[in-house]
Amino acid sequence: MPRTKEQNEEIRRQRKQEILRAAIHVYVDKGYAASDMGAIADRAGLAHGLVFYYFKNKKNLFRELYEFMMEESRRNTAAHFEQEGSTLDLFRGYARSVCERVLDNPAIPRFYARIGLDAHHLYEPGEISPFDWVKSFMLPMIAAIEKGIERGEIRPGDAGLMAMQFWGSVSQGMTYLEQARQELDAQGTEGAALHERLTPILDQVVESSVALFKA
């Protein structure tokens, strides 16, 4: 029985997701210049020609990957801050979930750390504005901070600046957490022992990130 249009679209979506996920791992290992479509196909377990069926070249693939990852971050952030709860609990939960992603999938923070340096390979000057993306990414945090100030849940201050300070603290914490994980990996620490060593660091990152909101 032939597949429906909807089934074909779902297969296409899944294939592209497989390729993009593989591209993240190849990219963090090799960087943009040394990444090639063949290595991405091998990582995804697909025929090389199939990758070119979905993406005409490496630049096209990485542009879509960049935009997908940025939009996913923006969407996840917006969804988190749409939840009910106290301001401190929302920001504490957000910091923890972001840091846990570092432990669950180390390739993700490495991707974000590198891709900003390689964006000039993907776009012409003026074609995109990282500042516009950051502004869009920060808006749910700013709105949550403003609401928290109105409720008297957190100290007064410039909501935009506080959002930037919070995200800066989380970002630096993620970097430190990833470095600690790599060092423990090199020492052969794994499983429950690895989790036990990293949990106090994660807790400290979370609490230091939300400390700026406290009176």
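Residue numbers start at 1 and run along the sequence shown.
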So which atom in N60 and which in Y54 form the shortest heavy-atom distance, rounded to 0.1 Å? OD1-O, 4.4 Å

Backbone N/O of Y123 and side chain of R63: donor-acceptor pair under 3.5 Å: no

Atom of G148, atom of T87 and distance for their closest heavy-atom approach: CA-OG1, 3.0 Å

Does the side chain of E10 come under 3.5 Å of the side chain of Q14 through a donor N or O and an acceptor N or O? yes

Within 45° of the ring axis of F213 and under 6.0 Å from its six-membered ring centre, is that where the NZ or CZ of R155 lies? no

Working for salt bridge (Lys or Arg N to Asp or Glu O under 4.0 Å), residues E178 and R181: CA-CA 5 Å; E178 168 61 9; R181 191 196 62 78; 3.1 Å; yes

Is it the case that over 12 heavy atoms from other parts of the model lie below 6.0 angstrom from the CD atom of E196? no

Between the main-chain N or O of H80 and the side-chain N or O of Q83, is there a donor-acceptor pair closer than 3.5 Å? yes

Flag yes if V210 and M164 sit in one hydrophobic cluster, no otherwise; membership is Ile, Leu, Val, Met, Phe, Trp, Tyr, and two members link when side-chain heavy atoms are under 4.5 Å apart. yes

From R13 atom CZ to N8 atom CG, the distance as rounded to the nearest 0.5 Å: 14.0 Å

Do the side chain of H48 and the main chain of M37 share a donor and acceptor less than 3.5 angstrom apart? no

Quick test of your reading of the model: are R15 and E18 salt-bridged, counting only N-O distances below 4.0 Å? yes

Got more than 12 heavy atoms from elsewhere within 6.0 Å of CD, E100? yes

Hey, is the main chain of M69 close enough, under 3.5 Å, to the side chain of S73 for a donor-acceptor pair? yes

No-hydrogen, no-angle side-chain donor-acceptor test under 3.5 Å, D118 and Y27: yes

Is the backbone N or O of S171 less than 3.5 Å from a side-chain atom of Y176, with the two atoms forming a donor-acceptor pair by type? no

If you look at every heavy atom in M174 and C99, which pair is closest and at what distance? CG-SG, 4.0 Å

Can you tell me if R110 has over 12 outside heavy atoms packed within less than 6.0 Å of its CZ? yes

Taking everything shown except H195 itself, do over 12 heavy atoms lie less than 6.0 Å from its NE2? no

Q187-E183 side chain donor-acceptor pair, cut-off 3.5 Å: no

Is there a donor-acceptor contact under 3.5 Å from the side chain of S208 to the main chain of V205? yes

Are F81 and L139 joined in one hydrophobic group, where the rule is that I, L, V, M, F, W and Y side chains link up if heavy atoms are under 4.5 Å apart? no

Rounded to the nearest 0.5 Å, what separates atom CG in D89 from atom CD in E84? 12.5 Å

According to a hydrophobic-cluster definition based on side-chain heavy atoms being under 4.5 Å apart (Ile, Leu, Val, Met, Phe, Trp, Tyr only), do I19 and F68 belong together? yes

Check whether M162 and V134 end up in the same hydrophobic cluster, where Ile, Leu, Val, Met, Phe, Trp and Tyr are linked by side-chain heavy atoms less than 4.5 Å apart. yes

Nearest-0.5 Å distance, CD1 of residue I142 to CE of residue M138: 7.5 Å

Output yes when a side-chain donor or acceptor of K58 lies under 3.5 Å from a complementary backbone atom of S35, and no otherwise. yes

Mind listing the closest non-hydrogen atom pair of L46 and L50 along with its distance? CD2-CD2, 4.0 Å

Can we say D104 and R101 salt-bridge, meaning some charged N sits less than 4.0 Å from an Asp/Glu carboxylate O? no

Just say parallel, tilted or perpendicular for the rings of F137 and W167, cut-offs at 30° and 60°. perpendicular

Is the number of heavy atoms from other residues, nucleotides or ligands under 6.0 Å of K56 NZ greater than 12? no

Output the distance between atom CG (L103) and atom CG (L177), rounded to the nearest 0.5 Å. 4.5 Å

Under 3.5 Å, is there a donor-acceptor pair between the S209 and Y94 side chains? no

Before giving the answer on side-chain contact (heavy atoms from CB on, under 4.5 Å), spell out for I154 and E146 the whole-Å C-alpha distance, their side-chain angles and the decisive distance to 0.1 Å. CA-CA 9 Å; I154 61 176; E146 290 173 341; over 6 Å; no

Could you tell me whether the side chain of Q7 and the main chain of T4 form a donor-acceptor pair under 3.5 Å? yes

Would you call the rings of H121 and Y32 parallel, tilted or perpendicular, where under 30° means parallel and over 60° means perpendicular? parallel

Before accepting this row, confirm whether a basic side-chain N of the pair E153/K147 lies closer than 4.0 Å to the acidic partner's carboxylate O. no

Provide the closest heavy-atom pair for G157 versus I149 in the form atom of the first, atom of the second, distance. O-CD1, 3.5 Å

Is there a chain of hydrophobic side chains (I, L, V, M, F, W, Y, each step under 4.5 Å between heavy atoms) that links V51 to I11? no

